[in-house]
Each structure stands twice: as structure tokens, then as C-alpha cells.
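Since the structure comes first, as C-alpha cells, the remarks are kept for the end.
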Amino acid sequence: MAHSHDVVVIGAGTGGYVAAIRAAQLGKKVAVVEKQKALGGTCLIWGCIPTKALLEHAHALKVITNAKEWGVTIPAGAPTIDMGQVHTRKDKIVTGLTKGVEFLFKKNKIDWIKGTARLAGKGKVDVVEGEKQTLEAKDIIIATGSQARSVPGITIDRTRIITSDEAIHLKAIPKSLVILGSGAVGVEFASIFRRFGSEVTIIELLPRLVPVEDAAISAELEKSFRKQGIKSLTGTKVSKASASANGVEIEAETPDGKTQKLAAEILLVATGRGPVTAGLGAEDLGIAMDRGYIKVDELYRTSVPNVSAIGDVITLGTRVHPQLAHVSSMEGILAAERIAGREVQPINYDHVPGCTYCDPEIGSVGLTEAQAKERGYDVRIGTFPFGVLGRAKMAGETEGFVKIVADKKYDEVLGVHMIGPRSTELVAEAVLALRLECTVEELIKTMHAHPTFAEAVGEAAHATHGAAIHM
Ligand SMILES: Cc1cc2nc3c(=O)[nH]c(=O)nc-3n(C[C@H](O)[C@H](O)[C@H](O)COP(=O)(O)OP(=O)(O)OC[C@H]3O[C@@H](n4cnc5c(N)ncnc54)[C@H](O)[C@@H]3O)c2cc1C
């Protein structure tokens, strides 16, 4: 049976479902093919939402563990976490949000086709599993996303050697957990399971934790992790991992060339994600690819007319493409608007906020100090610690700082990097500052309410001009 649509979207992650809604809002007849039973993709089902729900549980345990400081009396003995209730609450949040996307599809009259899609020629998509049929469309948007991948020498068995997909469902807290990779996923799980009571070791190949962040952020996180009892082995390469019924034996090469052996109940591989394009038929249709990723131009057009691609599955060729939910959604909106004939401007990837919800949180946007220097800017820096603020003291969250990277010549804010309480929220102001090409002076003149954590941004701006008020 052939259907006719203006736009068929393949994949209902944060890229695909947002593209579908925007296209429908602009008057297009839209179908979305999704192979999972629920809508929302990696973010809602395995990624952003379940991990942040677990982090909120870890935070609740932290507050309750420090009950005495808050003047709260709890029965004798250390508080423990009930993983059954943790998963019940987390799963309820996930289901609520996926159902919310279902509602939005109904509201926008989007056809949800349950099955696996395969490109079948110009303007045609075969649904090869599930509700089998051939869809016809003027435009196709590929939004098939990404999946966890391993590194050479390590086979994921999903029991002892696991990915984030299994980590979000662990029924018991592992006594010991080794995490391979210190990107956002790795450090978030380190925070979750350390707080739940696991012995946690992070192994990172590069010389510092969260290597995409400003070096000062990495140093502060490593310091905080050390205090919390999380071990960091940086500059260390895992060469082998073998699982048995009881645990995992890991061999790693340390920076001095020695071999270090580690044992853990669970090894979590968090070394990045690869594209989901196998079986999609993209090559057969003549779409240009690069190592499994779909090549697109700055407006998300593939090499084949009327076929667009967005989100984790794409490569922009010239630069690293951030695999983030908000990036995929923004690309989805842009692709839908272009297809609907709207005028669109390319995204400035220097203005993508990066949020890492470990404890302490990280929020950053724009150039790091090193990147700004590499690009030839005469850089000036201002830093202000959260610990000085009344609000931080009240919350008992005094770690970390805000760091501003600015251009001395024109006073332009080039980057803002923060680690500490509410950093993932505070970064929004910095994103707007970069978008509006704001100067440090303008940030100084922007009034920050008292007492708030946001005062650290205003004070960091003062510090960039050499004169923080409260330091
Ligand atoms: C543990 C973890 C935590 C994360 N936390 C954050 C965070 O806090 N903030 C953030 O911004 N990002 C986070 N991310 C990243 C974020 O989840 C992704 O960047 C985002 O989901 C990408 O969206 P997408 O639409 O491109 O792809 P996906 O969300 O992967 O969606 C692709 C969809 O396509 C479907 N699909 C694939 N092939 C086919 C086919 N042939 N036919 C039909 N359907 C198909 C898949 O089933 C899937 O539902 C996290 C990721 C992980 C793994």
C-alpha cells in the first residue's frame, strides 16, 4: 500500500520528532517511521532523561546523607538507596515524556509508523519490519541517530562489560565499577554510582578528564572527584578486558609505559557513539557517507536531492559534530523550515552549549582559553569562585567557579566555562551573550539578582576587567 506525504522522517529521536513537529506546524503532511516501541529516541529512552533522573536520586542521597548539617534527624545508620524505587521513578518519568511526544504527534496530525525504514529509491521509503508498507514523500529526513560503540580489544557482553544502555538499568549497585572514557557519559555515571556507594575508577586515554572542556574545568573536576573518592587514571590506555562470572579483569598501559591490572565487578564502556546507518540503504541511494556517517552541507542537505539528514547520524566534514539532543533538535527545526521554503541561516557551532551533569556540574559555551589563543586572540580571563556567594553557602554547594574567556581588543566574550552548582542552567545566559556578540562590559552592566548563583557570572565579568567586587 502506498501512502503520500510531504515529508517522511526516519527516526523519532530529539532530531526526528522535533523536525516532524516543525514541518507539520508549517503545513506539511508528515509521517515518522520509528523502530522502537516508544517515541523519543536515545535522549528520552536511554540517554539524557534516565541518566539525569539517576543523578537526581544521587543528589537526594547526598542531601539526606548530610542530614545532620541541615538539622534533620533521621533514624540511626547510614541512609541507603532502594534501586527498585529508583528505577520505578525513573521509568515513570521516561514513560511520561515519551507519551508526551505521542500526544504532540496526535496534536500535529503526524502519522507514526511503527517499523524499520529503508530508503527505497527517489522519494520512497520501505517499512521492512513492523507495519510493512512503502511510503512516498517529496522530502525525506534521515534522523537515525547513534549507538554506543566499543574500542579495540574490548567486547561488550552487556552483563559484565556494559554500555550506558545497560548502566541505566542496573538492578544492584556494583561494589566496584571501572568506567572507560571520561566524556559526559563517563563522568555522569561516575557521579551516580560513587554516590550510590560503588568504588569508581575512571580510565581516560587523554591527559585529563572531560578533555573537550577548558583545562581549568578538567583540573577542578579531577580535584573534586579525588575528594569524593573517585579514582582518575588519565593518559591511560586499556588494552584488554576479559569478563568472567564474577567480574572483569582489565589491563591498561599507564603514561609511564607500565601495565596496570585492575579488577572490577562491572566495566562500563563510555568511549563514544557511532552512527546508525546499517541496513538503511543510504549508499544504495547514492548518498555520500564518511565512516558510516551521512555527509551533509550546512543546511543538512545530503548529496541526493530532497534527502536531508540531521542529528547524531551526520558529519559536517570540516569539524566535529556535537552529538547532543539540543543540537539535533535545532538541526531538525532548521531542516524542516528549509523544506517548507523558509529562509534559514546555518547554525554557529561555536555557540553550542555543553552541559555535563556530573557532581559538580559543568556548563560551557564558546572557545576555551587554549582555543582562543590558537585562533590568535589576545585573550583576557576572569574567574570567580561560587564559594564566595551567599546563595552557594546556603545551599552547601561551594565548589567550582565561572571562567570567562574574552578578546582584549574588542572586549568580546569568546567563551564561558563553569563548574559548580546549577552550571547547566547558568550557561543559558552565556549562550545568549555569545549569540548577541556581547562584550564583557555589557555582562558587567547586566544586573544579576541577589542572592543567586548567577552572581558568579556577573562577578566573573568584573574579574575579567580586573576588579571583582566580592574578591
Ligand atoms: C547516556 C547518555 C546520556 C546523554 N545525555 C545527554 C544530555 O544530557 N544532553 C544532551 O544534549 N545529549 C545527551 N545525550 C545525547 C543525546 O541523547 C543524543 O545526541 C540525541 O538523542 C540524538 O538525537 P537523534 O535524533 O539524532 O538520534 P536518536 O535519539 O538516537 O534517535 C534515533 C532514532 O531513530 C530510530 N531508528 C534508527 N534507525 C531506524 C530505522 N532504520 N528505521 C526506523 N527507526 C530507526 C532509533 O530507534 C531512534 O529512536 C546522551 C546520550 C547518552 C547515550
Side-chain angles (χ1 to χ4, degrees), residues 1-36 39 41-42 101 105 108-146 275-290 292-317 321 327-342 344:
M1 187 174 63
H3 290 254
S4 195
H5 289 87
D6 296 318
V7 182
V8 167
V9 181
I10 306 177
T14 40
Y17 90 70
V18 170
I21 292 173
R22 189 68 190 125
Q25 284 175 341
L26 295 172
K28 298 287 171 190
K29 185 166 164 29
V30 183
V32 177
V33 189
E34 171 53 59
K35 65 181 179 184
Q36 296 298 323
L39 301 172
T42 304
V101 180
F105 272 24
N108 288 285
K109 300 189 173 40
I110 296 166
D111 292 330
W112 171 16
I113 317 286
K114 299 177 183 106
T116 303
R118 188 179 156 79
L119 299 163
K122 195 175 164 0
K124 282 199 175 136
V125 173
D126 277 347
V127 181
V128 291
E129 278 162 27
E131 298 170 4
K132 290 184 188 170
Q133 58 195 288
T134 298
L135 297 159
E136 290 183 357
K138 287 186 200 128
D139 277 275
I140 297 168
I141 302 178
I142 302 168
T144 49
S146 64
V276 178
T277 44
L280 184 64
E283 286 102 337
D284 297 347
L285 197 65
I287 294 177
M289 313 277 287
D290 180 11
Y293 288 95
I294 294 175
K295 279 190 182 176
V296 291
D297 67 11
E298 58 183 12
L299 297 181
Y300 312 105
R301 291 172 288 222
T302 70
S303 58
V304 171
N306 298 92
V307 181
S308 306
I310 54 165
D312 281 10
V313 75
I314 65 166
T315 172
L316 295 162
H321 175 252
V327 171
S328 69
S329 296
M330 190 70 106
E331 292 169 349
I333 290 170
L334 199 148
E337 291 186 347
R338 173 180 49 74
I339 287 167
R342 290 262 177 125
V344 287

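Values reported hereafter were calculated over all heavy atoms of this structure, with side chains retained and with hydrogens, waters and symmetry mates removed. Just so we're clear, the structure is a prediction, and the values are computed from it rather than from any experiment.
- D6 has a carboxylate O that lies under 4.0 Å from a charged side-chain N of K138, or vice versa, which qualifies the two as a salt bridge.
- Under the 3.5 Å distance criterion, the side-chain polar atoms of T116 are left unmatched by any main-chain donor or acceptor of E129.
- Contact of the I294 side chain with the M289 side chain is registered, since non-hydrogen atoms from C-beta on lie closer than 4.5 Å.
- Heavy atoms only, all atoms of each residue included: V9 and A143 are closest at CG1-CB, 4.5 Å.
- In this structure, CD on E337 lies 9.0 Å from CD on Q25, to the nearest 0.5 angstrom.
- In this structure the side chain of I142 reaches within 4.5 angstrom of the side chain of L119, judged on heavy atoms.
- In this structure the side chain of V327 reaches within 4.5 angstrom of the side chain of E331, judged on heavy atoms.
- Separation of atoms CG (D139) and NE2 (H5) is listed at 13.5 Å; rounding is to 0.5 Å.
- The main-chain N or O of G292 is found under 3.5 Å from a side-chain atom of T277 such that the two form a donor-acceptor pair.
- Here the closest heavy-atom approach between residue I310 and residue A335 is recorded as CG2-CB, 3.9 Å.
- Remark: the backbone N or O of G311 is not paired with any side-chain donor or acceptor of S328 at under 3.5 angstrom.
- In terms of heavy-atom proximity, Y293 sits nearest to D312 at CE2-O, 3.4 Å.
- Between S308 and R338 the shortest side-chain heavy-atom distance falls below 4.5 Å.
- Between I141 and I339 there is a side-chain heavy-atom pair separated by less than 4.5 Å.
- In this structure, V296 and H321 have side chains that are not in contact, with every pair of non-hydrogen atoms separated by 4.5 Å or more.
- Note on residues 280-290: pairs passing side chain to side chain donor-acceptor pair (under 3.5 Å), not counting sequence neighbours, are R118-D284.
- At distances below 3.5 Å, not a single donor-acceptor pair connects side-chain atoms of S329 with backbone N or O atoms of V18.
- S146 approaches T42 most closely through the heavy-atom pair O-OG1, 3.9 Å.
- Checking side-chain atoms of E131 against main-chain N and O of K114 turns up a donor-acceptor pair under 3.5 Å.
- Closest non-hydrogen pair, A23 versus V30, comes out as CB-CG2, 3.8 Å.
- The backbone N or O of V32 sits nowhere less than 3.5 Å from a side-chain atom of E34 that would complete a donor-acceptor pair.
- The CD atom of E298 sits 9.5 Å away from atom CG of L334, with the distance rounded to the nearest 0.5 Å.
- Between L39 and Y17, the closest side-chain pair of non-hydrogen atoms is not below 4.5 Å.
- Separating the CD1 atom in I314 from the OG1 atom in T302 is a distance of 11.0 Å, to the nearest 0.5 Å.
- The nearest pair of heavy atoms linking D111 to K29 is OD2-NZ, 3.8 Å.
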